[in-house]
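A short write-up of the structure that comes next.
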Amino acid sequence: MADRLRLGVNIDHVATLRNARGGALPDPVRAAVMAEQAGADGITAHLREDRRHIRDADIGAIMGAITIPLNFEMAATPEMQAIALSHRPHAACIVPERREERTTEGGLEVAANATWMGDYIAPLRDAGCRVSLFIAADPAQIDAAARIGAPVIELHTGAYCDFHAEGDFAARDAELARLIDGAKQAADLGLEVHMGHGLSYDTVAPIAALPEVRELNIGHFLIGEAVFVGLPQAIATMRAAMDKARG
Ligand SMILES: CC(=O)[C@@H](O)[C@H](O)COP(=O)(O)O
Ligand SMILES: NCC(=O)COP(=O)(O)O
């Protein structure tokens, strides 16, 4: 279906569990294959500069094992650009990284680095990767993303999810309003709109209901759920919640 909201399953934290003991299990590749079999529309994997979870060998192994697209998440560094160009994944999502962060804390600063960022993404786009920029729902960042020729943006839903978890529903709803406005602005600029970070069964519906949104990338929550109900069931439940919200 043309307007089907796609679900990208981020398998980073299968690798977190694997790396906890320094061995080979659980295998992120098995998780990617299982996610595809369970109906995931894509796999997302974030090769961080510090390799805290996904490792270099995982990327080629995952790409060789799945038939759905790989969304390769990467910092805007020469090292990651070279790795992306060597693998040529379906998609390359540029995300901000700080070694000391526990997880992705904010969005890319595109507006202040537009020229440099435009030069950085050009080889990826020319190599046929669908370039996405992971940004906050900030009008200036959205405008800059369109200006430098990124075809896709992924809006950071972390603050929206954090406020929900904290019970600060006024702040949550204000952040949701920013995401709604950002999705509209981006779509009006011709950008494909994705969203992700921190989404769960409890927070996905208002995001999935947004007609401008074409893809959700969800990982940490699904991998956590998989510990209890298995990955196929976790994905099926999230898929059902997304479809129900979409109507
Ligand atoms: C950009 C984003 O929100 C995630 O895709 C990212 O992978 C989060 O980083 P960790 O997976 O290391 O928590
Ligand atoms: N880009 C968001 C993503 O891939 C998954 O984020 P999370 O669900 O692991 O927080």
Side-chain angles (χ1 to χ4, degrees), residues 5-20 28 31-32 35 40-55 58-59 62 68-77 80 84 89-110 130-137 141 145 150 152-165 175 179 182-183 192-204 207-208 213-227 231 234-235 237-239 241-242:
L5 177 58
R6 297 191 302 267
L7 171 60
V9 175
N10 184 314
I11 56 167
D12 290 349
H13 297 296
V14 177
T16 297
L17 192 53
R18 174 194 60 191
N19 297 354
D41 299 291
I43 298 297
T44 292
H46 183 185
L47 181 64
R48 280 181 169 265
E49 174 267 338
D50 62 10
R51 277 61 170 189
R52 66 179 70 170
H53 40 57
I54 294 293
R55 300 269 164 81
D58 293 328
I59 299 302
I62 291 165
I68 54 179
L70 175 70
N71 175 35
F72 177 66
E73 285 190 335
M74 54 184 276
T77 64
M80 287 302 152
H90 167 77
C93 181
I94 318 301
V95 304
E97 266 188 35
R98 288 185 312 112
R99 181 180 280 260
E100 61 277 7
E101 68 184 1
R102 181 181 296 174
T103 186
T104 302
E105 292 170 344
L108 284 170
E109 178 46 66
V110 183
R130 186 203 68 195
V131 173
S132 172
L133 301 180
F134 191 78
I135 59 175
Q141 302 302 337
V152 180
I153 59 165
E154 181 168 331
L155 297 182
H156 196 325
T157 53
Y160 157 71
C161 295
D162 289 345
F163 285 134
H164 177 85
E175 186 61 24
L179 290 163
E192 181 172 309
V193 182
H194 300 179
M195 293 197 183
H197 196 96
L199 292 172
S200 67
Y201 298 151
D202 291 341
T203 53
V204 73
I207 302 296
V213 179
R214 301 285 304 282
E215 181 173 306
L216 299 183
N217 286 293
I218 306 174
H220 181 263
F221 173 78
L222 286 176
I223 303 309
E225 275 297 294
V227 168
L231 187 57
I235 291 172
T237 303
M238 185 61 77
R239 181 77 257 177
M242 290 164 60

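First listed ligand is number 1; within each ligand, the first listed atom is number 1.
- With a 4.0 Å cut-off on non-hydrogen atoms, His220 does not touch ligand 1 at all.
- Residue-level proximity to ligand 1 for His13 is carried by the side chain, the only part with a heavy atom below 4.0 angstrom.
- Here is the list of ligand 2 atoms found below 4.0 Å of a heavy atom in Asn10: 3 (C), 4 (O), 5 (C).
- The Ile218 neighbourhood of ligand 2 comprises atoms 8 (O), with distances under 4.0 Å to a heavy atom of that residue.
- In Phe221, neither the side chain nor the backbone holds a heavy atom less than 4.0 Å from any atom of ligand 2.
- Residue contacts with ligand 1 for Thr44 are absent, since no atom lies close enough (heavy atoms, distance under 4.0 Å).
- Those atoms of ligand 1 with a heavy atom of His197 less than 4.0 angstrom away are 2 (C), 3 (O).
- Less than 4.0 angstrom separates some heavy atom of Thr44 from each of these atoms of ligand 2: 4 (O).
- Closest heavy-atom approach to atom 3 (C) of ligand 2 among the candidates Leu155, Asn217, Asp12: Asn217.
- Here is the list of ligand 2 atoms found below 4.0 Å of a heavy atom in Gly198: 7 (P), 8 (O), 10 (O).
- Distances from atom 4 (C) of ligand 1 to the heavy atoms of His46, Glu101, Glu73 put Glu73 nearest.
- Classification of the Tyr201-Phe221 ring pair by plane angle, with boundaries at 30° and 60°, yields perpendicular.
- The nearest protein atom to atom 1 (N) of ligand 2, hydrogens excluded, is given as Glu154 OE2, 2.6 Å; this is a heavy-atom distance.
- Below 4.0 Å from some heavy atom of Val95 lie the following atoms of ligand 1, by number and element: 1 (C).
- Atoms of ligand 1 found under 4.0 Å from any heavy atom of His53 (numbered from 1 in listed order, with element): 10 (P), 11 (O), 12 (O).
- Considering backbone and side-chain N/O atoms, Phe134 never comes within less than 3.5 Å of an N/O atom of ligand 2.
- When heavy-atom distances to ligand 1 are checked against a 4.0 Å cut-off, His156 has no atom that comes that close, whether in backbone or side chain.
- His197 and His156 have tilted rings, their planes meeting at an angle from 30° to 60° on a 0 to 90° scale.
- Ligand-side atoms of ligand 2 in range of Gly219: 5 (C), 7 (P), 8 (O), 9 (O), range being under 4.0 angstrom from any heavy atom.
- Taking a 4.0 Å cut-off on heavy atoms, His13 fails to register as neighbouring ligand 2.
- Ligand 1 is approached by Asn10 to a heavy-atom distance shorter than 4.0 Å.
- When only interatomic distances are considered, the shortest N/O to N/O separation between His220 and ligand 2 falls below 3.5 Å.
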